[in-house]
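Quick notes on the structure that follows.
Residue numbers begin at 1 in each chain, while the letters A, B, ... track the order of the sequences.
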Amino acid sequence: MSSDRLSVQVGPLRLKNPVMPASGTFSPDLAEWIDFDQLGALVTKSVTWHPRAGNPGPRCIETPAGMLNAVGIQNKGVENFIIDQLPVYRRWKTPLVVSISGESPEGYARLAHRLTVPGVQTIEVNISCPNLEVGGWSPAMEADGTYRTIRAVREATDLPIWAKLTPNTGDMVSVARAAQEAGADALVVANTLIGMAIDPHTKRPKLGNVTGGLSGPAVKPIVLRMVYQIYPHVNIPIIGCGGISRADDVLEYLLAGARAVQVGTYNFVNPRGMTEIIRDLDEYVEREGLKSITEIVGQANKGRIFSASCSCSRSSES
Amino acid sequence: MSSDRLSVQVGPLRLKNPVMPASGTFSPDLAEWIDFDQLGALVTKSVTWHPRAGNPGPRCIETPAGMLNAVGIQNKGVENFIIDQLPVYRRWKTPLVVSISGESPEGYARLAHRLTVPGVQTIEVNISCPNLEVGGWSPAMEADGTYRTIRAVREATDLPIWAKLTPNTGDMVSVARAAQEAGADALVVANTLIGMAIDPHTKRPKLGNVTGGLSGPAVKPIVLRMVYQIYPHVNIPIIGCGGISRADDVLEYLLAGARAVQVGTYNFVNPRGMTEIIRDLDEYVEREGLKSITEIVGQANKGRIFSASCSCSRSSES
Amino acid sequence: MSADLHQGRIVLNEWVGRRYKHMVVEAPDAVVAVPGQFFHLRLSSQWDPLLRRPMSIYGIDEDRGWVEFLYHVRGRGTALLAGLVPGDTLDLLGPLGRGFSLDSAWRGILLVGRGAGLATLAPLAEQAVQSGMDVFAILSARTPDRLVSVDRLHELGARVATVTDVEGTSEVHVVESMVREILHRESVDAVFTCGSRRLTKLMQRLADTHGIPGQVALEENMGCGLGMCYCCVKPFFREGRVYPLRVCREGPVFSLAEVIVDEL
Amino acid sequence: MSADLHQGRIVLNEWVGRRYKHMVVEAPDAVVAVPGQFFHLRLSSQWDPLLRRPMSIYGIDEDRGWVEFLYHVRGRGTALLAGLVPGDTLDLLGPLGRGFSLDSAWRGILLVGRGAGLATLAPLAEQAVQSGMDVFAILSARTPDRLVSVDRLHELGARVATVTDVEGTSEVHVVESMVREILHRESVDAVFTCGSRRLTKLMQRLADTHGIPGQVALEENMGCGLGMCYCCVKPFFREGRVYPLRVCREGPVFSLAEVIVDEL
Ligand SMILES: Cc1cc2nc3c(=O)[nH]c(=O)nc-3n(C[C@H](O)[C@H](O)[C@H](O)COP(=O)(O)OP(=O)(O)OC[C@H]3O[C@@H](n4cnc5c(N)ncnc54)[C@H](O)[C@@H]3O)c2cc1C
Ligand SMILES: Cc1cc2nc3c(=O)[nH]c(=O)nc-3n(C[C@H](O)[C@H](O)[C@H](O)COP(=O)(O)OP(=O)(O)OC[C@H]3O[C@@H](n4cnc5c(N)ncnc54)[C@H](O)[C@@H]3O)c2cc1C
Ligand SMILES: Cc1cc2nc3c(=O)[nH]c(=O)nc-3n(C[C@H](O)[C@H](O)[C@H](O)COP(=O)(O)O)c2cc1C
Ligand SMILES: Cc1cc2nc3c(=O)[nH]c(=O)nc-3n(C[C@H](O)[C@H](O)[C@H](O)COP(=O)(O)O)c2cc1C
Ligand code: FES
Ligand code: FES
């Protein structure tokens with residue numbers, strides 16, 4: 001992995017390779033297992049202004065080829081993050097992406113402003129967490145809420161900002177466009193799908209929070225479709241996220257139109273997963289004789305009839 | 001299974017038990033494997049006015065704990081259905097539900113009218129097929145399209161009508177309410193989620209139709225959540241459909257608020273699956289000492305704070 | 001000949017070359033199958049992999065209650081199959097579909113197959129020999145070690161020619177002249193093929209030219225294998241019209257004349 | 001004592017009663033674990049079941065490179081575990097978490113456990129005996145055949161009392177008087193518990209009354225087992241405040257005093 005044939009440009013940021021962890025599935029604890037300087041970027045768990053204790057347990061439940069989580073963004077708040085955690089992350093040279101979660105556009109803006117400090121390379125705007133409101137509502141479910149939040153963040157910081165979208169909408173394209181228009185430098189597609197599980201014995205929802213977010217291989221076909229769907233409608237990079245567990249999954253996302261990817265749940269199954277995927281991607285690039293992995297970005301869209309195949313929503317076509 | 005403790009009322013229809021096949025995953029061919037008179041209902045593959053050849057292959061692809069299909073409603077048209085297939089279905093005493101798929105509200109109405117013939121007990125209005133338009137758009141993605149289609153069908157037939165909803169929307173509650181207001185006797189929740197898969201070797205989408213519908217155990221957490229979400233907002237029965245493979249899955253759907261269920265993909269894995277599930281449900285009712293299985297319908301909603309937890313969409317709350 | 005769900009027991013599961021495995025399954029109630037039919041195999045008790053995998057019959061031993069398969073280890077389903085050891089159980093659904101049909105008046109038949117398709121043709125050769133027919137076979141593969149079932153055909157007394165890509169002998173025009181030669185010289189009343197689009201196209205043309213019937217065993221991704229899902233459908237010519245037919249139900253064996261090769 | 005990914009080989013996997021299995025895994029690099037720590041086991045090479053399953057250490061044999069587990073066959077993960085036979089491989093991640101700690105000054109310890117929790121306490125008993133401590137144990141279960149590891153504790157020379165639901169001896173007030181009796185009569189410097197909310201509550205109270213330290217091994221649904229996902233968090237008292245702590249990382253062993261029993 002000597003050359004930079006795996007490196008990708010995501011907005012103003014140059015990444016060593018397209019593989020990074022997904023927010024909330026990664027922490028410095030993983031440094032016991034892999035070398036963080038081999039990753040494309042580091043992405044923190046979402047940070048809120050005030051400390052949050054998170055949701056009551058159980059916070060996760062396994063489902064077929066997936067899992068539901070309802071952690072509820074447990075974190076010690078932004079001040080603690082800056083004092084205690086930021087110095088830890090600064091041990092590595094890899095760019096740091098800090099994920100933020102607010103309660104209003106102003107709340108997001110305040111967080112982004114506060115986090116515009118040395119050591120933070122990018123702000124990921126988590127407007128899609130399904131575990132803050134019971135039932136799963138999040139701003140990214142509507143183009144309007146997306147626009148207002150990203151716009152507020154855009155005005156509050158000079159750092160690159162990534163908008164993390166939700167798959168819980170029938171209208172991904174409008175939401176993606178709204179994020180772009182509001183000034184996002186990249187789109188992360190996507191957060192988890194709202195789901196639930198019920199215990200037939202107790203007759204109660206299994207998660208303490210009733211509903212939770214579905215992630216893992218089970219959701220890959222859905223999120224991959226969303227990346228493919230959005231790709232022709234935006235000109236900022238897309239970062240694919242959902243169900244990735246192998247280099248082949250990364251290739252699928254890149255072919256659909258993603259410039260980089262995030263690996264979430266699979267880190268729980270195989271803590272060395274991300275570095276194994278990076279190694280396999282490098283082998284792929286070697287085998288295929290590519291100068292750069294970016295050559296394949298969007299290739300599955302070739303010959304696509306854009307107007308017919310791009311959007312789930314009629315309204316975004318008109 | 002002597003008593004009628006498994007029987008359920010779905011609108012004007014009394015079903016022997018809550019288990020029936022899902023449209024498109026069932027045909028008279030299954031009669032070699034199970035006794036159709038043990039099922040709650042029979043549900044046909046969607047019928048269109050004109051014959052349809054369906055989509056180019058491959059039409060299905062396995063995914064983790066699920067499958068993508070893009071069959072494209074291959075069928076010989078409604079006249080052929082009435083002449084050739086209806087007499088076959090009339091061999092069984094079990095109520096017959098005929099699924100219809102049109103191109104406009106009027107098209108649906110015409111089909112419903114034509115199918116208002118002896119031997120047809122219910123019309124299932126498939127307004128949610130993701131395989132007719134490339135990209136997956138369907139009328140049930142919006143409350144408005146749902147209302148207009150169901151209304152037109154309501155005016156065209158006296159038969160009970162079931163509206164089959166799509167999970168590819170951020171606003172299930174509004175769509176469900178629209179279907180109810182338009183006169184649906186029950187809601188089938190739900191059709192497949194739009195998904196896709198790409199072959200890293202050919203660099204092309206794997207399905208002939210590019211995108212397809214995701215079904216199977218992988219999607220159960222999502223669709224179950226939708227049933228739970230809709231339940232407090234409608235007063236017509238909900239028929240749960242998505243990822244059912246065991247009696248425990250049926251119990252989850254009933255606890256969430258479904259009155260009956262449809263089994264799809266699992267018929268492919270185990271052609272005797274539905275009758276095994278019915279047997280296990282009967283054992284459950286026996287073991288729990290229930291007079292009727294309907295006693296558990298909606299039980300997981302107990303103590304629920306309706307206003308906060310019911311809807312994904314803010315707009316439907318106001 | 002009615003299909004059922006069987007719990008078979010693995011008797012043998014051994015490598016044949018580097019990519020194929022020969023598997024023998026004891027399933028006494030399942031031995032009612034004919035060549036060209038298939039079983040639909042479930043590879044996990046969990047939900048991943050979810051769908052069954054179709055495998056045609058490589059052999060049937062009615063006396064011992066054995067069903068045999070010969071399979072190419074390709075993806076994760078066949079990798080799981082390859083991991084089974086004697087004594088393990090295997091869930092088999094079948095036999096399914098419409099197999100080959102032999103006309104007792106035929107004196108000789110020609111089989112032309114490639115890759116895993118050879119597995120499908122082998123039991124047909126056996127049946128033909130038992131019915132007193134001469135069997136000629138042209139077997140094609142990428143490399144010689146992928147030429148499965150050559151020995152078995154030899155033992156049956158079939159006259160076998162092999163062609164491979166690495167030897168440069170498998171090109172269509174080479175096979176064409178071999179086929180023409182056999183059809184010219186020998187009493188061949190029907191041709192059978194499996195495993196290659198190019199060879200199917202060739203055999204369709206040659207069977208037509210020589211005015212003899214032909215059959216082909218096709219493959220397509222399957223959902224149910226039982227005729228319910230319409231996932232395995234391809235278009236075919238029948239009675240002057242194009243019909244979409246189910247490979248699992250109306251096939252997997254079709255008359256060569258009805259196949260629309262460009263749609264395979 | 002650093003955690004790693006190990007490919008173990010099953011040496012033994014046998015029933016102990018009707019619901020528990022005793023499994024011995026050869027994994028020479030994994031024997032660096034202490035009682036109370038756990039391994040995170042992967043049960044499928046496919047994606048269902050997806051997540052690992054945590055299992056505490058039932059024993060370590062450093063000489064033979066063996067790690068032992070004793071597990072309750074509950075759902076599909078443990079059912080798959082129960083299906084493994086000697087020679088099969090098993091993917092183990094660990095050892096993980098913070099185990100029990102013994103103070104060499106202690107003369108005696110009391111273990112009070114229930115169900116699968118007994119498995120977690122057994123290796124602690126062994127360590128205590130090796131350090132010259134007296135070990136007292138009260139083992140609780142629904143039925144006598146679910147009282148696992150009684151023999152093992154006997155062999156170690158521990159003084160063991162058993163109580164069961166079916167005999168009507170496992171009620172909290174019965175166990176309470178047994179514990180009081182032991183604490184009164186014997187030199188017990190610390191108490192340990194695992195496997196029951198009710199018993200944890202009881203032991204927290206009694207340890208407090210008697211002014212002796214206690215430890216408890218907790219269970220919670222886990223995502224990663226590595227401290228990253230915050231799925232396994234429960235609230236604990238620490239330094240006069242409530243902290244949400246990770247069972248996989250700050251635990252699974254906690255001081256009894258810091259546990260908020262109503263939140264278990
Ligand atoms: C009627 C029939 C008979 C067959 N008989 C044999 C046989 O005797 N020996 C043999 O080696 N193979 C046979 N096949 C092909 C065999 O079913 C596939 O190779 C197998 O399903 C691949 O499974 P996998 O999980 O290893 O591969 P996957 O990882 O699922 O896929 C690998 C490749 O196999 C293709 N494939 C996947 N599922 C199917 C499917 N259900 N049907 C066809 N292709 C599929 C995929 O498109 C892909 O190209 C037969 C197929 C059919 C339809
Ligand atoms: C640190 C720790 C150590 C443990 N040590 C042992 C042990 O030594 N012996 C033993 O028998 N059991 C032990 N357990 C419990 C064991 O992990 C669960 O019984 C097992 O995961 C159930 O898996 P399953 O697939 O069979 O059950 P499932 O079908 O997944 O679920 C059955 C039940 O187990 C619970 N469960 C599921 N996953 C977990 C999980 N990850 N953690 C805890 N509970 C879960 C579910 O809530 C459910 O009630 C331990 C748990 C933890 C957290
Ligand atoms: C336990 C858990 C916690 C998560 N926490 C966050 C979070 O704090 N912020 C966020 O934006 N996404 C969060 N996510 C979502 C992931 O970042 C990712 O979008 C999702 O898991 C899909 O990717 P995967 O299928 O690879 O896991 C979380 C996911 C899991 C499983
Ligand atoms: C192969 C296939 C074909 C289908 N065809 C139809 C159809 O014609 N009409 C329809 O309403 N739903 C159709 N569906 C959707 C199913 O009826 C059902 O909604 C979906 O598969 C979810 O249920 P499951 O997870 O149990 O399969 C089809 C599903 C599959 C897998
Ligand atoms: S595979 Fe379902 S109809 Fe052929
Ligand atoms: S299980 Fe992930 S933090 Fe404990």
Side-chain angles (χ1 to χ4, degrees), chain B residues 21-34 44-46 51-76 131 197 206-208 212 215-220 243 245-246 249 264-273 276, chain C residues 1-7 40-54 74-78 80 91-97 197 218-236 241-251 260 262-264:
Chain B
S23 175
T25 67
F26 171 78
S27 74
D29 300 273
L30 197 66
E32 287 174 29
W33 298 87
I34 57 174
T44 71
K45 173 147 194 74
S46 297
R52 282 180 61 93
N55 288 326
R59 288 178 171 188
C60 75
I61 291 292
E62 190 186 58
T63 67
M67 69 180 281
L68 288 164
N69 91 78
V71 172
I73 314 208
Q74 176 182 337
N75 80 105
K76 295 182 178 162
N131 294 322
K206 281 187 181 173
L207 289 170
S215 63
V219 308
K220 198 194 67 181
S245 65
R246 299 173 310 178
D249 297 330
T265 306
Y266 187 58
N267 294 313
F268 307 166
V269 179
N270 178 2
R272 302 222 172 90
E276 288 173 13
Chain C
M1 207 130 52
S2 85
D4 212 333
L5 270 168
H6 309 275
Q7 285 298 322
H40 218 19
L41 312 181
R42 185 164 172 195
L43 299 165
S44 171
S45 61
Q46 309 301 312
W47 304 141
D48 187 52
L50 179 68
L51 298 177
R52 292 172 178 270
R53 298 291 191 274
R74 294 173 75 179
R76 56 198 196 120
T78 45
L80 286 170
D91 176 335
L92 308 95
L93 177 70
L96 300 174
R197 223 183 120 264
L218 296 179
E219 289 190 9
E220 184 51 78
N221 282 20
M222 287 188 179
C224 65
L226 303 170
M228 304 191 289
C229 73
Y230 288 80
C231 284
C232 63
V233 166
K234 292 179 195 283
F236 294 87
R241 285 177 53 193
V242 175
Y243 287 97
L245 300 177
R246 297 164 297 183
V247 170
C248 73
R249 195 84 180 170
E250 282 85 36
I260 304 173
D262 293 333
E263 299 280 351
L264 293 189

In this structure, CG of C:L50 is separated from CD of B:E62 (nearest 0.5 Å) by 6.0 Å
Write down the atom of [X], the atom of [Y], and the distance for their closest heavy-atom approach.
X      : Y      : value
C:R76  : B:T63  : NH2-O, 4.4 Å
C:Y230 : B:K45  : CD1-CD, 4.4 Å
C:M228 : B:F268 : CE-CD2, 4.1 Å
B:P64  : C:D48  : CA-OD1, 3.4 Å

B:K206/C:N221 under side-chain contact (heavy atoms from CB on, under 4.5 Å): CA gap, chis, key distance, verdict: CA-CA 11 Å; B:K206 281 187 181 173; C:N221 282 20; over 6 Å; no
Between B:T265 and chain C, which part of the residue has a heavy atom less than 4.5 Å away: side chain, backbone, both or neither? side chain
Validation row: C:E220, B:P58 side chains within 4.5 angstrom (heavy atoms): yes
Using a 4.5 Å cut-off on heavy atoms from C-beta on, say whether the side chain of C:L5 contacts that of B:W33. yes
Choice from [options] maximising heavy atom contacts with chain C below 4.5 Å:
options                      : value
B:S245, B:G54, B:P21         : B:S245
B:L30, B:N267, B:N55         : B:L30
B:A218, B:G66, B:G216, B:A70 : B:G66

Would you mind telling me which of C:C231, C:C224, C:C229 makes a side-chain contact (heavy atoms from CB on, under 4.5 Å) with B:C60? C:C231
Count the heavy-atom pairs under 4.5 Å between each of C:G223, C:G77, C:G225 and chain B, then report the option with the highest count. C:G223
In terms of heavy-atom pairs under 4.5 Å with chain B, the winner among C:D91, C:L226, C:V242 is C:L226
Non-hydrogen atoms of chain B under 4.5 Å away: do they reach the side chain of C:L93, the backbone, both or neither? side chain
